[in-house]
Amino acid sequence: MGSGTAATARILWRPIVTLELAMTEIREVSATFGRRQIQPDPDWERGFAGWLKTSRSHEQLLELYGQFRSGEGLFDSTMRRILMRALCQSVGNDLQVGPGVVLKHPERMEFGDSVFIGAQAMIQGRFDGTCRIGNHVWIGPQAYFDARQLVLEDYVGWGPGAKVLGSTHTGVPLEAPIISTGLVIKPVHVGFGADIGMNASILPGVRIGAHAIVGAGSVVTGDVPDYAIVAGAPARLLRMRQAA
């Protein structure tokens with residue numbers, strides 16, 4: 001190998017080594033969404049939403065929302081925010097709504113400040129239900145909420161694909177198809193600062209404590225204490241965070 005070839009090889013080798021080191025390096029960086037400063041919505045957005053709410057029927061507003069549901073541009077995302085303010089019981093500042101988000105009975109939904117709803121999430125409310133999402137809540141893409149009686153307190157992180165089920169059929173009488181039997185709705189409550197892992201499932205009547213962590217893919221069938229870490233199917237207590 002000539003000296004020129006060897007020099008070229010050394011030049012090419014250094015970036016490869018640097019890239020491999022960067023790919024294996026473990027880093028801690030500052031949070032972005034959790035430290036986000038609330039951006040007040042402009043007055044014209046609030047005024048436009050108010051005008052739409054009083055001048056259009058609920059069905060017309062839903063149809064309008066459908067027209068902007070899938071777009072990924074700034075105009076579409078702005079219109080989704082405006083229309084959610086017109087549709088929902090209440091919406092705070094700085095709402096971010098990804099493309100493909102589906103809402104059922106938004107008139108029963110309340111959203112705090114600086115809420116993020118990821119692409120293709122679905123929130124299924126009920127005409128006489130309660131769905132209350134606090135401030136600084138991050139909802140990952142493809143999440144599903146059976147939000148007939150649901151409360152998420154402030155600073156909850158909800159992983160992509162995670163689900164909550166707030167109701168179940170009685171299955172009585174036995175000879176009837178299960179989906180034709182009565183529906184029992186049980187409230188689900190997720191406490192301040194809790195983190196729900198990717199693809200986890202929260203079952204009816206469960207209360208997740210403040211600052212608790214639910215592992216990815218877990219099936220939570222019972223209450224989770226404050227500061228607990230649970231995982232598995234069904235989810236079991238692994239340890240308390242204070243013991244770390």
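Predicted model, so just to flag it, every value in this text is computed and none were measured.
- A distance-only check finds a donor-acceptor pair linking the side chain of Q60 to the backbone of S57 [under 3.5 Å].
- Sequence neighbours left out, the pairs with a member in residues 82-133 that pass ring pair (Phe, Tyr, Trp, His ring centres under 6.0 Å) are F116-W138.
- At distances below 3.5 Å, at least one donor-acceptor pair connects side-chain atoms of D154 with backbone N or O atoms of N135.
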Report, one line per pair, each donor and acceptor closer than 3.5 Å where one atom sits in a side chain of residues 204-224; sequence neighbours left out.
from	atom 1	to	atom 2	distance (Å)
S218	OG	G215	O	2.8
S218	OG	G232	N	3.1
D223	OD1	R207	N	2.9

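- E107 is linked by a salt bridge (Lys or Arg N to Asp or Glu O under 4.0 Å) to nothing, counting only residues two or more places apart in sequence or in another chain.
- Grouped with I179 in a hydrophobic cluster is no other residue, since no side-chain heavy-atom contact under 4.5 Å to another Ile, Leu, Val, Met, Phe, Trp or Tyr is found.
- Sorted by first and then second residue, the salt bridge (Lys or Arg N to Asp or Glu O under 4.0 Å) pairs involving residues 66-92 (not counting sequence neighbours) are D41-R81, D41-R85, E45-R81.
- If you run side chain to side chain contact (heavy atoms under 4.5 Å, CB included) between W158 and each of I117, V190, V137, only V190 comes through.
- Of all heavy-atom pairs between T181 and V172, the closest is CG2-O, 3.4 Å.
- Within a 6.0 Å radius of CD1 in I38, more than 12 heavy atoms belonging to other residues, nucleotides or ligands are found.
- Although no hydrogens or angles enter the test, the distance criterion places no donor-acceptor pair under 3.5 Å between the side chain of S114 and the main chain of H136.
- A distance-only check finds a donor-acceptor pair linking the side chain of E153 to the backbone of F192 [under 3.5 Å].
- Counting only residues at least two apart or on different chains, no salt bridge (Lys or Arg N to Asp or Glu O under 4.0 Å) pair has a member in residues 172-201.
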